[in-house]
Amino acid sequence: MTTPATSPDANNMQSPLILVDGSSYLFRAYHVPYLQALSTADGQPTGAITGVLNMLGSLKKDYPNGNIIAIFDAKGKTFRNDMYPEYKANRPPMPDDLRSQIAPLHEIITAMGLPLLVIPGVEADDVIGTLAKQADELGIETVISTGDKDMAQLVTKHVRLINTMTDVEMDEAGVMEKFGVRPDQIIDYLALMGDKVDNIPGVVKCGPKTAVKWLAEHGTMAEVIANADKVKGKIGENLRDALEQLPLSYKLATIKCDVELAQTAAQLAANEPDIEALTELYQKFELKRLLAGLGKGDSTGSTTTKAGKTSSSAGEQVIEIHAEAVAESQYDIILDKALFTEWLNKLQGCDAFAFDTETTSVDYMKAELVGLSFAIEVGKAAYVPLTHDYTDAPEQLDIDWVLAQLKPLLESTKIKKIGQNLKYDANVLSHYDITLQGIEFDTMIESYCYNSVATRHNMDALALKYLDYKMVKFEDIAGKGAKQLTFNQIDVEKAGHYAAEDADITLRLHKAIFPALAQSPALLSVFNDIEMPLLPVLARMEQTGVLIDSDILAEQSLILGQRLDELEIEAHNLAGKSFNLASPKQLQQILFEELKIPVIKKTPKGAPSTAEDVLQELALDYPLPKVIIENRGLSKLKSTYTDKLPLMVSDKTGRLHTSYHQAVTATGRLSSTDPNLQNIPIRSEQGRKIRQAFIAPKDHKIVAIDYSQIELRIMAHLSADEGLVTAFSEGKDIHRATAAEIFAVELDEVTIDQRRSAKAINFGLIYGMSAFGLAKQLNIGRQQAQEYQDKYFQRYPGVLMYMAETRKKASEQGYVETLYGRRLYLPDINAKNGIRKKAAERAAINAPMQGTAADIIKKAMLAVDAWLLEQNDDRIKMTMQVHDELIFEIHQDIVEQTTKKLVELMNNAVVLNVPLIAEAGIGDNWDEAH
DNA sequence: ACAGGAACTTA
DNA sequence: GTAAGTTCCTGTT
């Protein structure tokens, strides 16, 4: 057994060493807009000075005993330039208005009494590294204040980083969490990736992901190099190409920790500030706040800002929300059986209660339960901690015992549950063999049905809007960024208050929003008959997930990668130089300035647009745009789909689990994230290959059933236009029928071009089209587009009337409705600003159609789900919803008759005055099923 | 490190 | 012209 030279306690007594990377802060402060405005009366800029001094002030406040040392880069070349002349060669020279601030800043820092180090021939990093190493060896607690990620290599048991601008601290664990490698692997990591800004070569296309992967496998760069011949694919080639360069990159990325310094870390100490000199300097540079601070003995001069509350203006509802003020609250933290049983009894005896789960992750597939909170009456809530596991966490009730007690309660259909985003809680609980039932009131959905666009529908936003109460943010108790704690690491007292408040506020929100919602029978019906019943259906679909073939995607990635490389070379040749194809800015420069190609369109911010339609047009006359178009399309496919989807497969189930969001869109549609399964490619040949990777399990088929022309059918229904209703009732091809009417020809005489035009008009109508938009879409004159539109309305006068009525209604009542009463409020519908008003009018036209379609497919999902529950046959699974399409996995033995039944259920989900037609496709993958 | 814009994907 | 989400780059934190 050894005795440490100094005990930990002794270390804590010693003042920490604070090493400030002055140059990095100087440079960043220089770019902060509100600081850029600062200067003295005679024009000497002082923004960067102010920024750095503010930052030093806040460091002083955070580390009152800290021994602060400021380190700056010296002028001139460093040893790295000798090693590698191109090092930082891309850096533009320092602007004069920054350079002029350096000397004054140094003077001020010296007058403050802080040691200031400016060592020529090395960079500030190296000086910091040297001091940190000395301090580390002495066991002195050291904090490096920097915004530079390269410094992570200096982190040890005693040395940590703080980014004073973002307030994020990073210790060894933090580095691991943030970068995915240990501090001693950071140099390897940086060398492999290289650094564009500093001109350090690395492995081409090796970013953080690849570097972490390799280092996880081999430990060091040297080992990665030793195994370079085993790395497959293009990236393997790139690695082998880089082998010669890598040792140099490693040297360049290494911070030198043995710089010769006149004084050691232990010897450097602050002097008393020279108040007289400081006063003079602050006066000279007109740093008024700092000057004022001198008198009060507060040299920080820091200010706090108050968050201003914004109030909403247009589109306020008639219905008033009456909320009780959030006053005194009484929260229990349940750590013993007696108190638990008391609450259990109360819960069992009540009609409805609010509850919330606390877990380790926002990802419902990974989340583990940490605790549960409950509220029965406003102001009284309880938290049952279960798995808090930080050092010295109190003993908690046994999770299995607690869940066994709660299971009957949570599964009871009699006792109503109130929650915020209950789908999440249901998903988490399902992993503990609890099927949440009695799901009656979800405050997120209450708010969404009440007004989808008044606010976002997360609890913090709802509390602020409907209770005028500002909740404690999760970040405030857990921290943020790399150092964020998971809920199980949070002190039970703190966590308990936070969790109990969640349940309490949920209950209060319900009491505020639900009665307002219930004043409209139509809104209440959307809530009770569509959204709440849909919640468990979506939860089941999420849990089911979808199966993908990662090998197909990997192969596709490879092919795409090869083609992208070819395109890149071609583009560089055409441009006459190397540039980043993904950068619209660089492309603008090359296209419009160097190649002098005329500008066709500008972006909203005034830059020349390089959007697809512009490039399409330019491609007729120039070769480069065509290459760019193909490159963009393919790189999107690769990065978003073929590379990414396999990484998102759950290791628990081997399948892909999306999240459907029920309270996001303005119109009532669902949305999907992580991954978004509602924008999987279909249009291009390459894109369809991605759908081929969405496969059926063994002995199963993928069945995709989509509604045909659902929005146009809804337009026919809502407008009751005779011609349109008849066309649908007779089962005509609607675009062909429209073309025949507009162009006054027989049905069978309609040309392909005429049908295409009619299709564009039909879509345009759904989107609240203008003649201008139609002209652009069809590439025809404005006049001609207007003629088409006039002709259309002449033939379908009911549609014209419906459009006019919708605009009028929207303007009068401030909202429009779907067939089933879902509302969309349009705050801009009577706006003075013509552009905003026009946009609101288009939304007003579109929302009833898009929203009714959303209502219908939701009703269809309910019908299908009810039938599936009845069948209780796990050979049939509903896996996805894509706005007008439902996707199923069905065992091959029953696929034919099941599909027939599902189509029937979808066709009869609602009754309109035109037929509702669903069309099915069956195949081994999603592409075939189309 | 993060926000915002531009570009791409879908119905 | 409607409604979404993700990725990449860029500029500032």
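Chain naming here is simple, since letters A, B, ... match the order of the sequence lines and numbering starts at 1 in each.
Computed from coordinates, the A/L677 CG to C/dA4 P distance equals 18 Å when rounded to whole Å. Following rounding to the nearest Å, A/Q588 (CD) and B/dG5 (C1') show an atom-to-atom distance of 11 Å. In this structure, A/E841 atom CD and C/dA3 atom P are separated by 14 Å, rounded to whole Å. Put simply, CD on A/Q850 is 17 Å from P on B/dT10, counting in whole angstrom units. Taking atom CD of residue A/Q777 and atom C1' of nucleotide C/dG1, one finds them 9 Å apart after rounding to whole Å. A straight line from CD of A/Q484 to C1' of B/dC2 spans 15 Å, rounded to a whole angstrom. The nearest whole Å value for the distance from the CD atom in A/Q686 to the P atom in B/dT9 is 12 Å. When the C1' atom of C/dG1 is taken as reference, atom OH of A/Y792 falls 15 Å away, rounded to whole Å.
Here A/K601 pairs with A/D613 in a salt bridge; the nearest charged N to carboxylate O distance falls below 4.0 Å.
Counting any heavy atom pair closer than 4.0 Å across all strands shown, A/E612 reaches sugar-phosphate atoms only and no base atom. When heavy atoms are screened at a 4.0 angstrom cut-off, A/Q586 is found touching the sugar-phosphate backbone but no base atom. At the heavy-atom level, A/L765 lies nowhere under 4.0 Å from the strands shown. Residue contacts shown for A/R632 are limited to sugar-phosphate atoms, with no base heavy atom under 4.0 Å away.
The number of heavy atoms from other shown groups lying within 6.0 Å of CD1 (A/I835) does not exceed 12.
A sub-4.0 Å separation between OP1 or OP2 of B/dG5 and a side-chain N or O of A/K585 is absent.
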